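A, B, ... follow the sequence lines: proteins, then strands. Residue 1 opens every chain. Owing to the predicted nature of the structure, the values given are computational and were not obtained by experimental measurement.
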Protein chains: 2
Amino acid sequence: MKLIRDINDCKTCAYKSYLFSNLQPEDLSRVNISRIEKEFLPGEHIVRQGDKIASFMYLRKGLLKLSREMEDGKNQIISIARPLDFIGLLSVFSESYYHFSITAIENSTLCFIDLSLMKEIIRKDGIFALKLLENMSNVNEMIMSSWLSINEKNLRGRIAYILLFFCNEIYHTEEYSLPVSRKEIAELIHMRTENVIRILSEFRKDKIIEIEGKLIRVLEKDKLQQIADFG
Amino acid sequence: MKLIRDINDCKTCAYKSYLFSNLQPEDLSRVNISRIEKEFLPGEHIVRQGDKIASFMYLRKGLLKLSREMEDGKNQIISIARPLDFIGLLSVFSESYYHFSITAIENSTLCFIDLSLMKEIIRKDGIFALKLLENMSNVNEMIMSSWLSINEKNLRGRIAYILLFFCNEIYHTEEYSLPVSRKEIAELIHMRTENVIRILSEFRKDKIIEIEGKLIRVLEKDKLQQIADFG
DNA sequence: TATCAATTTTGATATTTATCATATGGTATA
DNA sequence: TATACCATATGATAAATATCAAAATTGATA
């Protein structure tokens with residue numbers, strides 16, 4: 001983790017518009033003063049399950065995973081989060097402690113804003129609060145939808161789904177480097193590591209994808225879509 | 001569905017305190033004037049997937065199910081909702097249309113408050129908005145936690161989990177009438193109807209529970225808990 | 001009451017998925 | 001350099017779960 005100062009002023013931040021656009025100038029300026037900018041490397045924890053929630057977080061750049069460690073020691077990945085996903089909204093306003101860990105899976109830059117300041121602004125500024133409510137709704141709808149989709153698919157369908165997810169939602173290209181291990185894919189779509197590997201190999205043999213370590217090249221997107229939909 | 005007027009004034013509503021307690025008197029009075037009270041019988045739809053969201057809803061009494069119909073026609077039950085679960089919060093503030101259906105599974109009473117009025121009050125009253133944010137966080141944390149729990153269990157564990165859920169969270173007694181069919185249990189914990197029935201029969205044979213149609217009597221709660229935890 | 005449809009039930013069987021074993025290559029570490 | 005530890009990979013097998021079929025029961029309805 002590295003403290004940085006990439007953005008000089010919230011006023012010029014490209015992501016401002018999605019959340020802070022309607023904030024009163026004086027409030028935005030207070031946010032700007034209080035905020036801390038941090039850069040994380042892949043694998044670095046941003047928060048750990050059980051940590052006290054003290055900041056409102058804001059992913060500016062990069063990719064994160066949210067995961068929960070279960071009583072039996074097994075891990076489940078709740079979601080992959082991009083900028084604008086506002087994953088920090090998940091439980092900031094209700095819980096004192098995080099019920100999940102957040103880990104960078106790519107070089108990631110986050111802004112940390114003191115939580116009590118945020119709450120103060122919310123209390124004062126209902127329009128901003130409504131914006132937060134909308135964003136929180138969206139985050140939840142997104143996570144739930146993907147869970148429901150994954151649940152109804154068999155293993156081949158899940159692998160196809162997640163390959164297309166990285167393709168369409170994250171990298172917007174047919175060739176990309178997986179930001180997660182096979183084991184993490186397994187934790188994300190509820191299957192065993194061996195089966196993740198096995199089915200990826202199947203897809204390779206069927207010439208639907210090419211694999212070089214973490215590098216994935218989607219050759220037959222339509223076929224992958226079919227497998228995701230009906231497989 | 002029946003229009004009723006069980007409560008004369010929001011001021012005297014027992015559930016007011018959980019959400020509307022800090023509302024300004026004049027706002028509470030506007031809510032009181034605008035609100036519509038409705039009673040639903042088991043099986044009646046309150047909203048349907050695809051309906052336009054026009055109201056903020058508030059479960060006063062009863063039990064609901066949230067479910068989503070998937071593209072392939074299969075149903076998944078997202079959650080069971082009690083009073084105070086504020087299930088209406090799930091996507092009211094972001095989406096124009098419901099992404100799920102809500103159905104009564106017991107006699108249920110709901111208050112409907114015009115959504116534009118609610119938004120107006122939120123914009124004006126940040127403290128109320130913060131309360132909503134907290135509640136929304138709680139709803140989501142609850143739903144996610146139960147999903148994660150269910151996901152890591154085998155079928156016997158899931159059945160034990162759901163029996164204990166009704167026992168501990170809903171009815172607070174060891175003897176209760178299931179508010180859902182075997183098929184709906186299957187849709188809720190991601191398994192097949194036949195296996196729900198089969199495992200319930202197993203538990204009956206092992207004298208862990210007694211079954212008379214919808215009536216469940218939990219005989220060995222500890223054993224059920226063990227199966228839920230480790231089975 | 002008679003009839004139809006849906007739900008519950010059980011058994012047999014097929015399919016899917018997990019588990020176990022083993023091997024290989026890479027990477028960090030002493 | 002040697003060692004240990006992961007991640008990836010593949011095969012064989014076991015276990016879990018779904019599917020198919022058929023019957024009994026219940027509930028709704030004409």
Where the side chain of B:Gln76 meets the backbone of B:Leu188, is there a donor-acceptor pair that is under 3.5 Å apart? no
Between C:dA18, D:dT10, C:dT8, which one does the side chain of A:Arg192 approach most closely? C:dA18
Please report the distance, rounded to the nearest Å, between CD in A:Glu212 and C1' in C:dG26. 16 Å
A:Lys205 near the nucleic acid: base, sugar-phosphate alone, or nothing, with a heavy-atom cut-off under 4.0 Å? nothing
When only distance counts, do a donor and an acceptor, one from the side chain of A:Arg198 and one from the base of C:dT19, lie under 3.5 Å apart? yes
Starting from C1' on C:dT7, measure out to CD1 on B:Ile211 and report it in whole angstrom. 14 Å
Over all strands shown, is A:Arg204 touching base, sugar-phosphate only, or nothing at heavy-atom distances under 4.0 angstrom? sugar-phosphate
Does B:Arg182 put a side-chain nitrogen or oxygen below 4.0 Å from OP1 or OP2 of C:dT7? no
So, does A:Asn195 get its side chain near the phosphate of C:dT17, meaning an N or O under 4.0 Å from OP1 or OP2? no
Out of D:dT10, D:dA7, D:dT17, whichever nucleotide has its closest atom nearest the side chain of A:Lys183: D:dA7
Grab the CG-P distance between B:Asn151 and C:dT17 for me, whole Å please. 14 Å
Please check if the number of heavy atoms outside A:Asp222 that lie under 6.0 Å from its CG is greater than 12. no
Tell me: CZ of A:Arg156 to P of C:dT15, nearest whole Å? 15 Å
Proximal nucleotide (of C:dT8, D:dC20, D:dT10) relative to the B:Glu194 side chain: D:dC20
Whole angstrom is fine here: how far is it from CD1 in B:Ile185 over to C1' in C:dT8? 12 Å
Indicate, with a heavy-atom threshold strictly under 4.0 Å, whether B:Thr193 touches base, sugar-phosphate, or nothing. nothing
Categorize A:Leu155 for me: base, sugar-phosphate, or nothing, with a 4.0 angstrom heavy-atom threshold over every strand shown. sugar-phosphate
Using OP1 and OP2 only, check whether a side-chain N or O of A:Lys214 sits under 4.0 Å from D:dT8. yes
Nearest whole Å is fine: how far is D:dA9 C1' from A:Phe203 CZ? 17 Å
Considering only C:dT19, D:dA18, C:dT8, which nucleotide approaches the side chain of B:Met191 most closely? D:dA18
Whole angstrom is fine here: how far is it from CD in A:Glu152 over to P in C:dT16? 16 Å
Whole-Å distance, A:Arg158 CZ to C:dT17 P, equals 7 Å
Whether A:Asn140 side chain and A:Met136 backbone form a donor-acceptor pair below 3.5 Å: yes
Measure from the side-chain N and O atoms of A:Tyr161 to the backbone N and O of A:Ile227, and report whether any donor-acceptor pair falls under 3.5 Å. no
Compare all side-chain heavy atoms of A:Tyr171 with those of A:Leu63 and state whether any distance is below 4.5 angstrom. yes
If you only use heavy atoms from C-beta on, which nucleotide in C:dT10, C:dC20, D:dT17 is closest to the side chain of B:Ser201? C:dT10
Heavy atoms of other groups near B:Arg48 CZ, more than 12 under 6.0 Å: no
